[in-house]
Structures are given as C-alpha cells and as structure tokens.
Amino acid sequence: ADVPAGGLAALRLEEGAAKSAQPMGRSSDTAIENEWLRVRFKAGALEVYDKATRRTYAGLNVIEEEADRGDAWDFSEPWRPHPILRSVDFPSTCRCVESGPVRATLEIRTRMRVPRCLEGERRSRATVELELVSRVSLCRGARRVDVALTFDNQACDHRLRLKCPTGLASDAVLSQGHFGILRKPI
C-alpha cells in the first residue's frame, strides 16, 4: 500500500490461501542473483556481473594481510620486506545460506595462517589461524551487493585490507582525514 509522507494507511486483511513465495532468482552453493546482478564465488574471490551494463567485476572481496609496525592510526611497513598474504591463496568454502523471495545470501569461510606478531623487524615463525567469514547478500530489486565480513583477530602487528578492484582509472583518491576530506595522489 502507498503511505503518504508522515501519514497513515488503512489496510484490510482477508482470509484465504497464502501465495507461495518464489525465490528472487537462481541460486546455488556458489552463486546468487536478482534482477540486476549475478554474484559468483570463483577461485576464492567474488565475481559480480551487472546485467544492465553487461560488465563483469572480478577479484572482489580478497583480503590482504601484511606486517605493520605502526600504531592504530598509521601503517608503517617494517624495514625488511615481507610477503603479502592473500585470502585467495588459502582454502575457502562457499554455501548458500539463504535463498528466499526477498534476499539470497552466500557464506564464504576462509582459514588463513598468519604470523602471530613482529619480532623486531621480522615476522614470527609462530602462526595463528585467522578465519574470515563473509556473508554476501543480494536483495530483490537492489543494484548493490551487501557484504558483512567478520573475523576473530588473534594476530598482532599486521593490517588487513579488503580489495575490490573496479577497473576505474584515477590520478587521486579522496579519503576522510581528522579535519576534512583529503585528496591524495595515487
């Protein structure tokens, strides 16, 4: 029913058989879709196909983990170079946990082994498990993908970055600073 702004609508309930709810699009344990988008789990990452533009965005939702000797505000890489670990290089599972008439959701679980901490300028040989859980959802009629990422971080002295390459070209990035928006060259 249409409800006017700040308004009221009268609704009437009628007895009868309920209509059966149909899923909003095709879904499997590795793919979901709605009217506008198709999302696939492929080789440890997400691939999104935009049906309106016929454009595919690949390599999305990849987590990068690297050594960081900075504080809570600033990244400072150690003097000694260390490899960057990527979630796509670790085992992942994907399953469809919701496929209804309004929303479909994939759950992706990735178990990374990462160094426990920095020891001086070197990463420790001791490692800890970092389990990443992404819940990737599409809603009926939505032209966006919702991603909720959770993890229990037991490592120190590192940073995690979520990579979502778009293929867009730019010579600068705008980011939030303490007292305004900062323009930083790329």
Side-chain angles (χ1 to χ4, degrees), residues 21-68 70-75 84-117 127-168 170 173-178 181-182 184:
Q22 299 296 317
M24 65 177 187
R26 289 183 291 175
S27 65
S28 70
D29 271 340
T30 57
I32 54 177
E33 70 177 89
N34 68 7
E35 307 90 320
W36 300 104
L37 303 169
R38 181 180 313 124
V39 178
R40 284 183 13 178
F41 176 72
K42 186 176 178 185
L46 291 179
E47 180 180 276
V48 176
Y49 175 71
D50 185 325
K51 297 176 184 181
T53 64
R54 296 183 181 171
R55 186 161 180 197
T56 299
Y57 301 89
L60 305 173
N61 203 47
V62 174
I63 307 298
E64 287 187 347
E65 188 274 351
E66 65 185 309
D68 180 1
D71 55 27
W73 296 272
D74 298 305
F75 171 69
I84 296 174
L85 303 177
R86 291 177 176 81
S87 60
V88 293
D89 298 326
F90 292 87
S92 292
T93 60
C94 181
R95 66 188 181 106
C96 185
V97 294
E98 181 179 19
S99 180
V102 178
R103 182 174 59 198
T105 303
L106 295 175
E107 183 181 81
I108 302 164
R109 290 182 175 269
T110 305
R111 293 179 185 269
M112 297 177 70
R113 295 290 312 172
V114 301
R116 185 174 49 82
C117 62
T127 62
V128 295
E129 182 175 270
L130 177 63
E131 183 181 34
L132 309 167
V133 180
S134 294
R135 291 182 65 90
V136 181
S137 299
L138 279 178
C139 293
R140 180 180 295 282
R143 297 183 90 162
R144 70 174 190 279
V145 179
D146 296 326
V147 178
L149 173 65
T150 58
F151 53 88
D152 181 12
N153 183 19
Q154 296 298 312
C156 300
D157 310 321
H158 73 138
R159 77 168 175 182
L160 298 173
R161 292 193 299 174
L162 177 68
K163 304 291 278 198
C164 293
T166 62
L168 300 174
S170 178
V173 65
L174 299 175
S175 63
Q176 182 177 347
H178 295 291
I181 304 299
L182 303 174
K184 298 179 181 181

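Computed from heavy atoms alone, side chains included, the values below leave out hydrogens, waters and symmetry copies.
Between Phe41 and Ser92, some side-chain heavy-atom pair lies under the 4.5 Å cut-off. Side-chain contact between Thr56 and Val48 is absent, with no heavy-atom pair separated by less than 4.5 Å. Thr30 has its side chain out of reach of Leu106: every pair of non-hydrogen atoms, C-beta onward, lies at least 4.5 Å apart. At least one side-chain heavy atom of Arg143 sits less than 4.5 Å from a side-chain heavy atom of Trp36. In this structure the side chain of Leu132 reaches within 4.5 angstrom of the side chain of Leu149, judged on heavy atoms. The shortest side-chain heavy-atom distance between Leu60 and Pro165 falls under the 4.5 Å cut-off.
Looking at Glu66 and Arg159, a side-chain N of the basic residue comes within less than 4.0 Å of a carboxylate O on the acidic one, giving a salt bridge.
Here the shortest heavy-atom pairing between Ser175 and Lys184 reads OG-CE, 3.7 Å. Residues Val114 and Ala155 share a closest heavy-atom pair of CG2-CB, 3.9 Å. In plain terms, the two heavy atoms of Ala67 and Phe75 that are nearest each other are O-CE1, 3.3 Å. The two atoms that bring Leu138 and Ile32 nearest to each other are CD1-O, 3.8 Å, heavy atoms only. Scanning all heavy atoms of the two residues, the minimum distance from Ser27 to Ser99 falls at OG-OG, 2.8 Å. Shown here for Ser137 and Thr105, the closest heavy-atom pair between the two residues is OG-OG1, 2.8 Å.
Atoms CG and CD1, from Asp89 and Ile63 in turn, are 13.0 Å apart once rounded to the nearest 0.5 Å. Rounding to the nearest 0.5 angstrom, the gap separating the OH atom in Tyr57 from the CG atom in Asp50 is 6.0 Å. Taken to the nearest 0.5 Å, the CZ atom of Phe90 stands 9.5 Å off from the CZ atom of Arg113. To the nearest 0.5 Å, atom CG of residue Asn153 and atom CD of residue Glu131 are 13.0 Å apart. Put simply, CZ on Arg54 and OH on Tyr49 are 6.0 Å apart, with the number rounded to the nearest 0.5 Å. Of the inter-residue distances, the one linking Arg111 atom CZ with Glu129 atom CD reads 4.5 Å to the nearest 0.5 angstrom.
Arg26 meets the side chain to side chain contact (heavy atoms under 4.5 Å, CB included) test with Glu33, Arg38; sequence neighbours excluded. The side chain to side chain contact (heavy atoms under 4.5 Å, CB included) test applied to Leu174 returns Ile181, Arg183, not counting sequence neighbours. Residues passing the salt bridge (charged side-chain N to carboxylate O under 4.0 Å, His left out) test with Arg135 are Glu107, sequence neighbours excluded. For Thr93, the side chain to side chain contact (heavy atoms under 4.5 Å, CB included) partners are Arg109, not counting sequence neighbours. Residues passing the side chain to side chain contact (heavy atoms under 4.5 Å, CB included) test with Val62 are Ala45, Arg86, Ser87, Val88, Lys163, sequence neighbours excluded.
Between the Asn34 side chain and the Cys139 main chain, a donor and an acceptor come within less than 3.5 Å of each other. When atom types are taken as modelled, the side chain of Glu35 and the backbone of Gly141 share a donor-acceptor pair closer than 3.5 angstrom.
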(message) Between Leu46 and Val136, does the side chain to side chain contact (heavy atoms under 4.5 Å, CB included) criterion hold? Intermediate values first, please.
(response) CA-CA 9 Å; Leu46 291 179; Val136 181; 3.8 Å; yes
(request) Kindly determine whether Leu160 and Leu130 satisfy side chain to side chain contact (heavy atoms under 4.5 Å, CB included), including the steps that lead there. (result) CA-CA 11 Å; Leu160 298 173; Leu130 177 63; 3.8 Å; yes
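The neighbour count for Arg103 CZ, taken as heavy atoms of other residues, nucleotides or ligands under 6.0 Å away, does not exceed 12.
For the pairing with Ser134, the side-chain hydrogen bond (donor to acceptor under 3.5 Å, both in side chains) check across Asn61, Thr110, Thr150 returns one residue only, Asn61.
Listed by first and then second residue, the salt bridge (Lys or Arg N to Asp or Glu O under 4.0 Å) pairs that reach into residues 146-158 are Arg144-Asp146, sequence neighbours excluded.
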